[in-house]
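Have a look at the structure below, then the notes.
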Amino acid sequence: MAAEPKSIVETARTEATGQMLSYFKMMAVLECFSRSDKALTVLQISKRINLPRTTVHRLVSTLKTLGLLEQDRDRERYRLGLKLFELGNTVLANMDVQREAIESINTLSNKTGLSVHLGVFDGHGIIMVSRHDSRGLNNVITLESAAAHCSATGKAVLAHQSPTVVERVISQGLQAFTPHSITEPEVLREELRKTLARGYSIDDMEYEEWRRCVAAPIWNASGRIFAAISVTGDKARFDDKTIPEFAALVKQQARLISTRLGGDPDLHGE
């Protein structure tokens, strides 16, 4: 039987001591929170990271002082703080992928007449960092998230992640947004296998019933697939003829963005 993956704290104990270990512990506390676990008590955090309640209380107090956690009105539960939101905004504003994708976003919008989305995988879901809609309005999205299991950008990236990451996403729960959403783990695994084989993903009315999307993955200079670009629009625009055509265009632009980021176009793309 395979060994259970080590927690961030257990890993840290073998790699760091003293003050550095405290940093790892604080990171472990922050990683307890997710879209499905927005607020947690000290006891709940303690159980999740296998640390004494007194230790967790001290860590939580420090994180609260730093603005990385906030305390609910009932003072029993904590949630992620606005400081993380501010830091996230800074990260997004300085992301190379936004800058390098502008030309490709405009090209896809002009050639298809569809909206174009650029999303970055955060380890759990997709953060939409740029959007160009079909009316020609170019918007920068600030921390707008989408579920990885039923969005085209999410599945495009998730198909290239390790089994550990895929299972982590599954363990968060596969929420149904429409009757077409994937909610069964094995169905998602099979969909990711298909996505990997054909080089692009499809959102078939899974997130919103009125639309379909096609997305392709983007990789960086280190060869890591971390983002995806998609075209999205009314479901009537997507059929057996147009989906392959849209996919070819999206894959081409995803490769160009990857190349601009220093990625090897022959490593992942066709």
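In this text, all values refer to a predicted model and were calculated from it rather than measured experimentally.
- Residues L43 and L51 do not share a hydrophobic cluster, clusters being chains of Ile/Leu/Val/Met/Phe/Trp/Tyr side chains in contact below 4.5 Å.
- Here the straight-line distance linking atom CG of L63 with atom NZ of K25 works out to 13.0 Å at 0.5 Å rounding.
- Atom OG1 of T65 sits about 13.5 Å away from atom NZ of K83, to the nearest 0.5 Å.
- P163 is not listed as a side-chain neighbour of V166, based on a closest heavy-atom distance of 4.5 Å or more.
- Rounding to the nearest 0.5 Å places OH of Y23 at 10.5 Å from OG1 of T62.
- Side chain of Q71 to backbone of K64: no donor-acceptor contact under 3.5 angstrom is found.
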L249 and V231: side-chain contact (heavy atoms from CB on, under 4.5 Å), yes or no, with the steps?
CA-CA 9 Å; L249 290 171; V231 292; over 6 Å; no
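- For residues 165-176, the pairs satisfying salt bridge (charged side-chain N to carboxylate O under 4.0 Å, His left out) are E167-R189, with sequence neighbours left out.
- Proximity of a side-chain donor or acceptor of S46 to a complementary backbone N or O of V42 within less than 3.5 Å is not detected.
- What you find for D37 and C32 is that their closest heavy atoms are CB-O, 4.1 Å.
- There is a side-chain donor-acceptor pair under 3.5 Å between S104 and R260.
- W219 is not connected to L256 by any chain of hydrophobic side-chain contacts under 4.5 Å among Ile, Leu, Val, Met, Phe, Trp and Tyr, and they are in different clusters.
- At least one side-chain heavy atom of L158 sits less than 4.5 Å from a side-chain heavy atom of Q161.
- Within a 6.0 Å radius of CD in E190, other residues, nucleotides and ligands contribute more than 12 heavy atoms.
- To the nearest 0.5 angstrom, F226 atom CZ is 5.0 Å from L261 atom CG.
- Among all heavy-atom pairs drawn from R211 and T232, the shortest one is CD-OG1, 3.3 Å.
- Under a 3.5 Å cut-off, the side chain of S230 and the backbone N or O of T153 do not form any donor-acceptor pair.
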Intermediate values then yes/no, side-chain contact (heavy atoms from CB on, under 4.5 Å), L82 and E70
CA-CA 8 Å; L82 286 176; E70 295 178 354; 3.4 Å; yes
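- Ion pairing between a basic and an acidic side chain is recognised when a charged N comes within 4.0 Å of a carboxylate O; E186 and R193 show such pairing.
- Residue I45 holds its CD1 atom at 12.5 Å from OG1 of T55, rounded to the nearest 0.5 Å.
- A heavy-atom distance below 4.5 Å is not found between the side chains of L174 and V187.
- The side-chain heavy atoms of S258 and I218, taken from C-beta on, include a pair separated by under 4.5 Å.
- Hydrophobic clustering (ILVMFWY, side-chain heavy atoms < 4.5 Å, transitive): I49 and L68 are in one cluster.
- A pairwise comparison of heavy atoms in D240 and P244 identifies O-CD, 3.1 Å as the closest pair.
- No donor-acceptor pair under 3.5 Å is formed between the side chain of H149 and the backbone N or O of I170.
- F33 has its side chain within reach of L69: a pair of non-hydrogen atoms, C-beta onward, lies under 4.5 Å apart.
- Taking each heavy atom of I126 and S151 in turn, the nearest pair found is CG1-OG, 4.4 Å.
- Under a 3.5 Å cut-off, the side chain of S109 and the backbone N or O of I105 do not form any donor-acceptor pair.
- Taking all atoms of both residues into account, the shortest heavy-atom contact from A148 to V169 is CB-CG1, 4.4 Å.
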Carefully, step by step, assess L114 and F246 under the rule side-chain contact (heavy atoms from CB on, under 4.5 Å).
CA-CA 10 Å; L114 298 168; F246 292 151; 3.7 Å; yes
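- Two different hydrophobic clusters hold L196 and I243 under the rule that ILVMFWY side chains link at heavy-atom gaps under 4.5 Å.
- The salt bridge (charged side-chain N to carboxylate O under 4.0 Å, His left out) analysis of residues 151-164, with sequence neighbours excluded, yields the pairs K155-E191, K155-E206.
- Using a 4.5 Å heavy-atom cutoff, the side chains of R212 and I202 are not in contact.
- L192 and F121 fall within the same hydrophobic cluster, defined by Ile, Leu, Val, Met, Phe, Trp and Tyr side-chain heavy atoms under 4.5 Å apart, directly or through other members.
- Between the CD1 atom of I229 and the CD1 atom of I257 there is a distance of 4.0 Å, given to the nearest 0.5 Å.
- Across all their heavy atoms, A39 and D72 have their closest contact at CB-OD2, 3.9 Å.
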